[in-house]
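Notes follow once the structure below has been shown.
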Amino acid sequence: FVNITNQPLNLIKTTNGLIITTNPEDMFNIIYIQINIALEKLSSNYLYDVINTCLSILREIQRQTYDNLSNHWRSYDIEILCSIINDNQRMQEKTDELNEYINR
């Protein structure tokens, strides 16, 4: 996750005009890989630990994003601000999807 959060933002404009990055997809791809490995290789007792660790990392990333935005929003270009807002919304949607995946 550190490599993802430390890379320069590559802004993408979607077909419906939203400015986003690939960070949410990149992060959740890693989470799904970790969960699937845990399902295949570990007992169900460890699955909880894997999920909890992934969620803790997401909470920390969310906290860092909030702190950076709170302290530096005036120095960001409007496109960066838009991508942060849009990525945050997509992170929430992906968290909801992950919850459904886990509870299936």
Side-chain angles (χ1 to χ4, degrees):
F1 293 103
V2 173
N3 288 338
I4 294 170
T5 58
N6 286 341
Q7 66 184 338
L9 291 178
N10 182 20
L11 301 180
I12 302 165
K13 193 169 192 176
T14 66
T15 55
N16 47 342
L18 294 177
I19 300 172
I20 62 170
T21 70
T22 60
N23 288 1
E25 287 78 15
D26 295 342
M27 288 181 201
F28 276 87
N29 283 339
I30 292 171
I31 289 171
Y32 279 102
I33 289 169
Q34 294 297 318
I35 290 172
N36 288 329
I37 289 171
L39 285 169
E40 287 179 22
K41 305 288 183 184
L42 302 174
S43 69
S44 60
N45 295 340
Y46 293 109
L47 180 60
Y48 171 81
D49 293 334
V50 169
I51 293 169
N52 195 35
T53 300
C54 290
L55 292 177
S56 294
I57 292 168
L58 285 176
R59 277 192 294 274
E60 179 58 28
I61 291 168
Q62 183 181 31
R63 168 55 50 197
Q64 290 171 2
T65 301
Y66 175 81
D67 289 344
N68 283 334
L69 192 55
S70 293
N71 295 321
H72 306 289
W73 68 271
R74 286 185 176 96
S75 65
Y76 291 149
D77 292 335
I78 191 71
E79 291 85 8
I80 298 289
L81 290 171
C82 290
S83 72
I84 292 170
I85 292 166
N86 293 331
D87 283 357
N88 187 57
Q89 175 63 37
R90 290 173 39 249
M91 290 286 282
Q92 179 60 53
E93 291 166 0
K94 292 191 172 301
T95 301
D96 293 343
E97 291 169 9
L98 178 64
N99 185 41
E100 289 177 19
Y101 179 77
I102 292 168
N103 291 313
R104 63 180 163 100

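- In this view, Asp77 satisfies the salt bridge (charged side-chain N to carboxylate O under 4.0 Å, His left out) rule with no residue, not counting sequence neighbours.
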**Item:** Residues Arg59, Arg63; criterion side-chain contact (heavy atoms from CB on, under 4.5 Å); working and verdict
**Value:** CA-CA 6 Å; Arg59 277 192 294 274; Arg63 168 55 50 197; over 6 Å; no
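- In the hydrophobic clustering of this structure, Leu55 does not group with Ile37; members are Ile, Leu, Val, Met, Phe, Trp, Tyr whose side-chain heavy atoms approach within less than 4.5 Å, directly or through other members.
- For Tyr46, the OH atom counts as loosely surrounded, since its 6.0 Å shell holds 12 or fewer non-hydrogen atoms of other residues, nucleotides or ligands.
- For the atom pair CG of Leu18 and OG of Ser83, the computed distance is 11.0 Å after rounding to the nearest 0.5 Å.
- Within the 4.5 Å cutoff, the side chain of Leu42 has no heavy atoms near those of the Asp49 side chain.
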**Message:** Under the criterion side-chain contact (heavy atoms from CB on, under 4.5 Å), I'd like the reasoning laid out for Tyr76 against Ile84: C-alpha separation, chi angles, the key distance, then a yes or no.
**Reply:** CA-CA 10 Å; Tyr76 291 149; Ile84 292 170; 4.0 Å; yes
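- If you take CG on Asn29 and OH on Tyr32, they are separated by 9.5 Å, rounding to the nearest 0.5 Å.
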**Item:** Verdict with reasoning, Ile61 to Asn23, per side-chain contact (heavy atoms from CB on, under 4.5 Å)
**Value:** CA-CA 11 Å; Ile61 291 168; Asn23 288 1; over 6 Å; no
**Asked** Between Gln7 and Asp26, is a side-chain contact (heavy atoms from CB on, under 4.5 Å) present by the stated rule, with each step listed?
**Response** CA-CA 12 Å; Gln7 66 184 338; Asp26 295 342; 3.8 Å; yes
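- Linking Ile, Leu, Val, Met, Phe, Trp and Tyr residues whenever their side-chain heavy atoms come within less than 4.5 Å leaves Tyr66 and Ile57 in two separate clusters.
- Rounded to the nearest 0.5 Å, atoms CG (Leu58) and OG1 (Thr53) are 11.0 Å apart.
- Taking CD1 from Ile35 and CZ from Phe28, the interatomic distance works out to 9.0 Å, rounded to the nearest 0.5 Å.
- The minimum heavy-atom distance linking Ile19 with Asn86 is given by the pair O-ND2, 2.9 Å.
- Side-chain atoms of Ser70 never come within 3.5 Å of backbone atoms of Asp67 as a donor-acceptor pair (strictly under, hydrogens ignored).
- Grouping the Ile, Leu, Val, Met, Phe, Trp and Tyr side chains by contacts below 4.5 angstrom, directly or via other members, places Leu11 with Leu69.
- Other residues, nucleotides and ligands contribute only 12 or fewer heavy atoms inside 6.0 Å of the CD atom of Gln62.
- No chain of hydrophobic side-chain contacts below 4.5 Å, direct or via other Ile, Leu, Val, Met, Phe, Trp or Tyr residues, connects Leu9 to Ile85.
- Not counting sequence neighbours, Ser75 has no partner by the side-chain hydrogen bond (donor to acceptor under 3.5 Å, both in side chains) test.
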Please list every donor-acceptor pair under 3.5 Å in which a side-chain atom of residues 88-103 meets a protein atom from a residue at least two apart or in another chain.
unit_1 : atom_1 : unit_2 : atom_2 : d
Gln89  : NE2    : Glu93  : OE2    : 3.2
Arg90  : NH1    : Thr21  : O      : 3.3
Arg90  : NH1    : Asp87  : OD1    : 2.5
Arg90  : NH2    : Thr21  : O      : 3.2
Arg90  : NH2    : Glu25  : OE1    : 2.4
Arg90  : NH2    : Glu25  : OE2    : 2.5
Gln92  : NE2    : Asp96  : OD1    : 3.0
Thr95  : OG1    : Met91  : O      : 2.8
Asn99  : OD1    : Asn103 : ND2    : 2.7
Tyr101 : OH     : Asn36  : OD1    : 2.5
Tyr101 : OH     : Arg104 : NH2    : 3.1
Asn103 : ND2    : Asn99  : O      : 2.9

